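The next block holds one structure in the form of structure tokens; read it before the comments.
Along the sequence shown, the residues carry numbers beginning at 1. Quick caveat: nothing in here was measured; it's all calculated off a predicted structure. Values below: every heavy atom of this structure, side chains too, minus hydrogens, waters and symmetry copies.
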Amino acid sequence: DMATVTLTTIYGKTKTLMVSREGSKPMLKVENEETGISKYEQTLMLGFTSNYDDGFEVKNNNSWLQVSIEDNTAKMRQKAERITYIGLSRATVKQKGSSATSYFLSIKASEHTGEYARSGQITLSTKDKKLSTTFKIVQEGANGFCHDAKHPHAIDLGTGVKFACCNVGASSPEEYGCYYAWGEVKEKSYYDQSSYLYNDRNIGDDIAGTSYDVAHVLWKGEWKMPNQSQLEALRSQCSSVWVNMNGSNGRMFTGRNGMYIFLPAAGSRAGYSVNDGYGKYWSKNAKYDSGYAYNLFFKSNYLSPRYEYGT
């Protein structure tokens with residue numbers, strides 16, 4: 001937009017200026033790029049925001065999803081307050097600037113009785129096709145958000161990093177998997193300080209992607225151990241409940257997008273024994289050269305990060 005402004009001094013002199021205002025950038029944004037829902041039949045209200053007001057269209061080729069655009073924002077906001085995601089109850093209405101308006105997509109999913117998760121891709125666009133965005137709805141199966149029997153799968157909790165669906169050495173989310181001292185990549189029969197490989201050796205305070213990173217060594221590719229802030233995000237950016245999954249106790253961490261991971265209370269090894277009933281998950285970070293590594297520790301009524309010696 002352009003405007004002409006004339007300034008006049010107290011002495012009668014004038015100055016004409018041309019003033020411009022930068023227009024707002026066209027915007028169309030869906031609340032979540034990937035949203036997880038339970039296996040039961042349900043209707044999800046998914047928010048989207050745009051500064052366009054010429055109408056929208058939806059492309060949906062998924063037979064198990066019915067999608068419509070809701071214009072009555074106030075009514076949909078009331079309905080959204082009753083929507084329950086897996087482990088979360090919330091309503092989100094996003095507003096970006098005075099020219100942006102929030103809308104809702106009504107997404108009805110049929111019940112899913114399959115063993116593995118299924119996903120559907122939906123494209124939302126303006127009627128003039130100048131703007132479009134594609135997002136995904138993932139519906140859990142009997143095995144959670146795993147898509148097949150080939151583990152691990154990467155699950156996006158909306159925290160900025162994707163987590164594996166199961167532990168290293170496990171063939172399903174509820175299995176304990178294998179036990180490793182910090183920086184070691186092989187199991188052993190006896191665990192204590194005397195058997196720890198790096199008692200007298202400093203392997204650094206960040207082992208991600210190195211030969212000391214068990215996830216990277218065994219799973220290869222882009223897999224690596226999480227850092228301290230990524231583990232902390234499970235506590236600060238996700239809801240967490242103690243549950244029993246297929247006979248295994250542990251914690252389910254659910255992101256704001258409804259996706260979740262299950263961490264079994266696999267405990268740790270001491271000597272020749274396995275002490276379970278709690279969870280202790282290593283990060284890639286150690287505390288300087290002390291031999292103490294950061295981990296996420298939890299019980300049924302407790303969840304906290306801490307440093308512990310690497311054995």
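- Put simply, Leu131 and Tyr103 are part of the same group of oily side chains (I, L, V, M, F, W, Y) that touch within less than 4.5 Å, one to the next.
- Across all their heavy atoms, Leu231 and Ser283 have their closest contact at CD1-CB, 3.6 Å.
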Verdict with reasoning, Leu105 to Ile69, per side chain to side chain contact (heavy atoms under 4.5 Å, CB included) = CA-CA 5 Å; Leu105 288 169; Ile69 299 171; 3.6 Å; yes

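- Gln139 contributes a side-chain N or O that, together with a main-chain N or O of Ser38, makes up a donor-acceptor pair within less than 3.5 Å.
- The structure places CG of Leu296 at 12.0 Å from NZ of Lys280, a figure rounded to the nearest 0.5 Å.
- Residue Gln121 comes nearest to Thr134 through the heavy atom pair CG-CG2, 3.2 Å, listed as atom of the first residue, atom of the second, then distance.
- The backbone N or O of Leu65 lies less than 3.5 Å from a partner atom in the side chain of Asn60, making a donor-acceptor pair.
- Under a cut-off of 6.0 angstrom, the local environment of NZ in Lys129 is crowded, with over 12 non-hydrogen atoms contributed by other residues, nucleotides or ligands.
- The side-chain heavy atoms of Trp182 and Tyr196, taken from C-beta on, include a pair separated by under 4.5 Å.
- Transitive grouping of hydrophobic side chains (ILVMFWY, heavy atoms separated by less than 4.5 Å) brings Val161 and Ile261 into a common cluster.
- If you take CG on Leu263 and OG on Ser240, they are separated by 8.5 Å, rounding to the nearest 0.5 Å.
- Of all heavy-atom pairs between Tyr176 and Asn167, the closest is O-ND2, 3.0 Å.
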request  = I would like to know whether Arg235 and Ser304 meet side chain to side chain contact (heavy atoms under 4.5 Å, CB included); could you show each step before the answer?
outcome  = CA-CA 8 Å; Arg235 187 177 69 147; Ser304 179; 4.3 Å; yes

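- Asn51 contributes a side-chain N or O that, together with a main-chain N or O of Met27, makes up a donor-acceptor pair within less than 3.5 Å.
- For Lys299, the NZ atom counts as loosely surrounded, since its 6.0 Å shell holds 12 or fewer non-hydrogen atoms of other residues, nucleotides or ligands.
- Atom CD1 in Ile137 sits 9.5 Å away from atom CG in Asn62 (nearest 0.5 Å).
- Using a 3.5 Å distance cut-off with no hydrogens or angles, the side chains of Glu184 and Tyr179 do not pair a donor with an acceptor.
- Residue Phe297 shares its hydrophobic cluster (ILVMFWY side chains chained together at separations under 4.5 Å) with Tyr278, Tyr302.
- When the shell of 6.0 Å around CG of Asp200 is examined, it contains 12 or fewer heavy atoms from other residues, nucleotides or ligands.
- The side-chain heavy atoms of Asn246 and Phe262, taken from C-beta on, include no pair separated by under 4.5 Å.
- Under a cut-off of 6.0 angstrom, the local environment of CD in Glu33 is sparse, with at most 12 non-hydrogen atoms contributed by other residues, nucleotides or ligands.
- The closest side-chain heavy-atom distance from Cys165 to Phe145 is not below 4.5 Å.
- A heavy-atom distance below 4.5 Å is found between the side chains of His147 and Ser119.
- By the 4.5 Å heavy-atom criterion applied to side chains, Thr159 and Cys238 are counted as neighbours.
- Hydrophobic clustering, with ILVMFWY side chains joined whenever heavy atoms are under 4.5 angstrom apart, keeps Leu218 apart from Tyr212.
- Here Asn244 contributes atom CG and Ser300 contributes atom OG; the two are 12.5 Å apart, rounded to the nearest 0.5 Å.
- In this structure, Asp206 pairs ionically with Lys284, as a charged nitrogen and a carboxylate oxygen lie closer than 4.0 Å.
- Remark: Thr43 OG1 to Ile107 CD1 distance equals 10.0 Å, nearest 0.5 Å.
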query = Given Glu232 and Gln237, is the side chain to side chain contact (heavy atoms under 4.5 Å, CB included) satisfied, shown in steps?
reply = CA-CA 8 Å; Glu232 175 62 26; Gln237 299 182 37; over 6 Å; no

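- Side-chain contact check for Leu234 versus Phe163: some heavy-atom pair is nearer than 4.5 Å.
- For the pair Asp213 (side chain) and Met225 (backbone), a donor-acceptor distance under 3.5 Å is present.
- Side-chain contact between Val214 and Trp282 is absent, with no heavy atoms from C-beta onward closer than 4.5 Å.
- Side chains of Asn199 and Tyr309: a donor on one and an acceptor on the other come within 3.5 Å.
- Glu175 contributes no side-chain N or O that, together with a main-chain N or O of Ala170, makes up a donor-acceptor pair within less than 3.5 Å.
- Screening Lys287, Arg306, Gln228, Glu308 against Tyr294 for a side-chain contact (heavy atoms from CB on, under 4.5 Å) leaves a single residue, Gln228.
- Considering NZ of Lys162 and CE of Met259, their distance stands at 9.0 Å, rounded to 0.5 Å.
- Hydrophobic cluster membership differs between Tyr190 and Val274, with clusters built from Ile, Leu, Val, Met, Phe, Trp and Tyr side chains linked at under 4.5 angstrom.
- Ring planes of Tyr281 and Phe298: parallel class, angle under 30° (limits at 30 and 60°).
- The two residues Arg269 and Ser189 have their closest heavy-atom pair at NH2-O, 2.9 Å.
- Closest approach of Val30 and Phe48 over heavy atoms only: CA-CB, 3.9 Å.
- The closest donor-acceptor contact from the side chain of Asp148 to the backbone of Tyr116 lies at 3.5 Å or more, if one exists at all.
- The closest side-chain heavy-atom distance from Tyr180 to Glu187 is below 4.5 Å.
- Asn257 contributes a side-chain N or O that, together with a main-chain N or O of Asp156, makes up a donor-acceptor pair within less than 3.5 Å.
- Tyr260 and Trp242 fall within a single hydrophobic cluster, where Ile, Leu, Val, Met, Phe, Trp and Tyr side chains are chained together by heavy-atom contacts under 4.5 Å.
- Considering all non-hydrogen atoms of both residues, Ala117 and Gly144 come closest at CB-O, 3.6 Å.
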message = Quick one, Trp223 with Val168, criterion side chain to side chain contact (heavy atoms under 4.5 Å, CB included). Give me CA distance, side-chain angles, the key distance, then yes/no.
response = CA-CA 11 Å; Trp223 290 107; Val168 174; over 6 Å; no

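- Side-chain atoms of His151 come within 3.5 Å of backbone atoms of Ser171 as a donor-acceptor pair (strictly under, hydrogens ignored).
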